[in-house]
Participant: 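Dropping a structure here in structure tokens format, bear with me for questions.
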Amino acid sequence: MKPSISFIGAGNVTFRFSHALHEKGYTIDKIFNRSQENAKKVIRMLSANGSDAAVAASLDELFDS
């Protein structure tokens with residue numbers, strides 16, 4: 001079983017890396033960013049490809065992945 005992955009930040013690296021990992025079968029769990037709007041952009045891309053990723057409201061939510 002592959003681990004679930006969360007990202008801190010929602011820039012270009014997160015956008016491309018999360019997409020590539022999702023395509024390889026990894027579960028993208030949550031994305032945290034100071035601006036939730038930027039995190040939502042990455043989530044929309046992942047959701048369009050079948051991911052159940054969510055926006056994390058705080059860093060505390062990332063400890064499970």
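If you're wondering where the values come from, they're calculated on a predicted model, not measured in any experiment. Values reported hereafter were calculated over all heavy atoms of this structure, with side chains retained and with hydrogens, waters and symmetry mates removed. In this chain, numbering begins with 1 at the start of the sequence shown.
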Participant: Can you get from F17 to F15 by hopping between Ile, Leu, Val, Met, Phe, Trp and Tyr side chains that sit under 4.5 Å apart?
Facilitator: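 Yes: a chain of side-chain contacts under 4.5 Å links F17 to F15.
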Participant: Holding to side chain to side chain contact (heavy atoms under 4.5 Å, CB included), I want the full list of residues that pass it with A56, two or more places apart in sequence or in another chain.
Facilitator: K30, F32, E61, L62
Participant: Considering residues at least two apart in sequence or located in another chain, which fulfil the side-chain hydrogen bond (donor to acceptor under 3.5 Å, both in side chains) criterion with S65?
Facilitator: S6
Participant: List in chain and number order the residues that pass salt bridge (charged side-chain N to carboxylate O under 4.0 Å, His left out) with E23, two or more places apart in sequence or in another chain; answer none if no residue qualifies.
Facilitator: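 Partners of E23 under the salt bridge (charged side-chain N to carboxylate O under 4.0 Å, His left out) test: none.
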Participant: Can you give the donor-acceptor pairs under 3.5 Å from side chains of residues 39-52 to other protein atoms, not counting sequence neighbours?
Facilitator:
residue: S47; atom: OG; partner: I43; partner atom: O; Å: 2.9
residue: N49; atom: ND2; partner: H19; partner atom: NE2; Å: 3.4
residue: N49; atom: ND2; partner: M45; partner atom: O; Å: 3.1
residue: S51; atom: OG; partner: A53; partner atom: N; Å: 3.1

Participant: Looking at G9 and I31, what are the two nearest heavy atoms and their distance?
Facilitator: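 Closest approach of G9 to I31, heavy atoms only: O-CG2, 3.7 Å.
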Participant: Among all residues two or more places apart in sequence or in another chain, which pass the side chain to side chain contact (heavy atoms under 4.5 Å, CB included) test with Y26?
Facilitator: K2, P3, I5, L21, K24
Participant: Members other than F63 in its cluster, when Ile, Leu, Val, Met, Phe, Trp, Tyr link by side-chain heavy atoms under 4.5 Å?
Facilitator: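 Grouped by the 4.5 Å side-chain rule, F63 forms a cluster of one, so the answer is none.
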Participant: State which residues pass side-chain hydrogen bond (donor to acceptor under 3.5 Å, both in side chains) with N12; sequence neighbours excluded, sorted by chain then number.
Facilitator: R16
Participant: Other members of the hydrophobic cluster containing V13, with the 4.5 Å side-chain heavy-atom rule, please.
Facilitator: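 So far as hydrophobic clustering goes, V13 is joined with none.
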Participant: Can you check whether A10's main-chain N or O pairs, donor with acceptor, with N33's side chain at less than 3.5 Å?
Facilitator: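 At least one qualifying donor-acceptor pair exists.
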